[in-house]
Amino acid sequence: MKSRAIQKPELTEEEKRQPYAKYLNRQPATPAKEALEYLRSRQEIPVEDALLAENGNMNDILKDGYMKCEYGVCTLPNGGGYVAMLNKMPGVTFQIDAEPLSAPQPGVVCHFVREMADGSGIELRSRFWKGYQFGPDGLFCAMGPDTPRETLDTLLGLAEHNACEMANLASILPSLYAEQNIQ
């Protein structure tokens, strides 16, 4: 896995006085061992293990338990790409806000949140469909003959971004929530 430097913007004096400023200057959290192991392997999963309309398995993420590939990327024959990541977030709870749900997207992402079986927090199962869009009949590939095809490197970059971002959120959300007394 390539190490990516995170560029931190300079905080204004007003921003520095905010109670959440300490979260902006801390060392980023390390992604889960399973995510790092997968990212280091740089292996594509079989296309048939991806959640795709073409595979007829889109609703499988709603089933109890885990899927065969909770971590994985694959380039698709149509030029698109698929990314699957699982991020456990102990101490985090969730609420659903229906207002972001209708925004148009050049690619499609689904974050499926559920409580962990042991009750210690949540897990966030993320799925990305690069080159796809939603239309009147559901998810469809929007790749044209002149559209650049997704590559293993770009898909692994997205998977790494997801693993790092969610590890950071998991490391700050419980204390941020408690400190801010968010209702």
Side-chain angles (χ1 to χ4, degrees), residues 1-9 20 22-52 55 57-58 60-76 80-97 100 103 105-132 139 148-177:
M1 184 170 86
K2 297 176 185 173
S3 177
R4 300 181 198 277
I6 296 176
Q7 300 219 342
K8 297 179 184 179
Y20 54 79
K22 64 184 174 194
Y23 295 110
L24 301 174
N25 292 316
R26 62 190 250 324
Q27 188 70 1
T30 302
K33 178 182 82 136
E34 297 85 359
L36 291 174
E37 287 173 359
Y38 171 74
L39 290 166
R40 287 182 183 124
S41 77
R42 299 191 51 79
Q43 296 296 311
E44 289 194 63
I45 62 170
V47 171
E48 57 271 12
D49 290 342
L51 287 180
L52 298 171
N55 290 348
N57 64 352
M58 294 293 291
D60 286 359
I61 198 165
L62 301 174
K63 295 178 180 176
D64 287 338
Y66 295 97
M67 303 180 71
K68 185 175 182 179
C69 292
E70 291 290 348
Y71 302 94
V73 304
C74 62
T75 54
L76 302 173
Y82 174 79
V83 175
M85 294 300 290
L86 171 65
N87 297 284
K88 296 189 180 213
M89 305 173 94
V92 177
T93 59
F94 71 94
Q95 295 177 349
I96 298 174
D97 181 359
Q105 300 290 329
V108 179
V109 61
C110 173
H111 296 297
F112 184 79
V113 181
R114 66 182 180 186
E115 290 184 6
M116 290 193 287
D118 65 4
S120 67
I122 65 165
E123 54 187 20
L124 184 64
R125 300 167 78 196
S126 301
R127 301 297 186 264
F128 302 84
W129 295 268
K130 300 282 287 172
Y132 280 74
L139 191 64
R149 300 178 81 70
E150 293 297 329
T151 66
L152 179 60
D153 282 342
T154 61
L155 296 173
L156 285 168
L158 177 57
E160 179 182 353
H161 166 83
N162 177 261
C164 292
E165 180 179 23
M166 295 309 144
N168 277 314
L169 282 175
S171 72
I172 67 170
L173 286 179
S175 59
L176 179 62
Y177 182 89

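In this structure, Met89 and Leu169 have side chains that are in contact, with non-hydrogen atoms separated by less than 4.5 Å. At least one side-chain heavy atom of Asn168 sits less than 4.5 Å from a side-chain heavy atom of Arg26. Residues Glu150 and Val73 are not in side-chain contact: their nearest non-hydrogen atoms beyond the backbone lie 4.5 Å or more apart. Put simply, the side chain of Tyr23 does not reach to within 4.5 Å of the side chain of Leu173, judged on heavy atoms. Contact check for His111 versus Phe128: side-chain heavy atoms found under the 4.5 Å cut-off. Taking the side chain as every heavy atom from C-beta outward, Met67 and Arg125 approach each other to under 4.5 Å. Using a 4.5 Å heavy-atom cutoff, the side chains of Val92 and Tyr177 are not in contact. The shortest side-chain heavy-atom distance between Met166 and His161 does not fall under the 4.5 Å cut-off.
Atom CG of Leu36 sits about 7.5 Å away from atom SG of Cys164, to the nearest 0.5 Å. The OH atom of Tyr82 sits 6.0 Å away from atom CH2 of Trp129, with the distance rounded to the nearest 0.5 Å. Once rounded to the nearest 0.5 Å, the distance linking NZ of Lys68 with CG of Asn57 reads 12.0 Å. To the nearest 0.5 Å, atoms CZ (Phe112) and CD (Glu123) are separated by 9.0 Å. Put simply, CG on Leu155 and CG on Leu76 are 8.0 Å apart, with the number rounded to the nearest 0.5 Å. To the nearest 0.5 angstrom, Leu52 atom CG is 5.0 Å from Tyr132 atom OH.
A cation-pi arrangement is absent between Arg40 and Tyr71, since the terminal nitrogen or guanidinium carbon is not both under 6.0 Å from the aromatic centre and inside a 45° cone about the axis.
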Exercise. Carefully, step by step, assess Thr151 and Asp153 under the rule side chain to side chain donor-acceptor pair (under 3.5 Å).
Key: CA-CA 5 Å; Thr151 66; Asp153 282 342; 5.5 Å; no
Exercise. Would you sort out whether Val83 and Asn162 count as a side-chain contact (heavy atoms from CB on, under 4.5 Å), showing the intermediate values?
Key: CA-CA 10 Å; Val83 175; Asn162 177 261; 5.8 Å; no
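With sequence neighbours excluded, no residue forms a salt bridge (charged side-chain N to carboxylate O under 4.0 Å, His left out) with Glu44. Taking Glu48 as the reference, Pro46 meet the side chain to side chain contact (heavy atoms under 4.5 Å, CB included) condition, with sequence neighbours excluded. Listed by chain and number, the residues in a side chain to side chain donor-acceptor pair (under 3.5 Å) with Thr30 amount to none (sequence neighbours excluded).
Across every non-hydrogen atom of Ala84 and Cys69, the tightest pair is CB-O, 3.8 Å. Pairing each heavy atom of Ala163 with each of Leu39, the nearest pair is CB-CD1, 4.3 Å. The two atoms that bring Gly65 and Arg114 nearest to each other are O-NH2, 2.8 Å, heavy atoms only. Residue Ala50 comes nearest to Cys74 through the heavy atom pair CB-SG, 4.0 Å, listed as atom of the first residue, atom of the second, then distance. Nearest heavy atom pair, residue Ala35 against residue Pro31, reads CB-CB, 4.5 Å.
The backbone N or O of Leu51 sits nowhere less than 3.5 Å from a side-chain atom of Asp60 that would complete a donor-acceptor pair.
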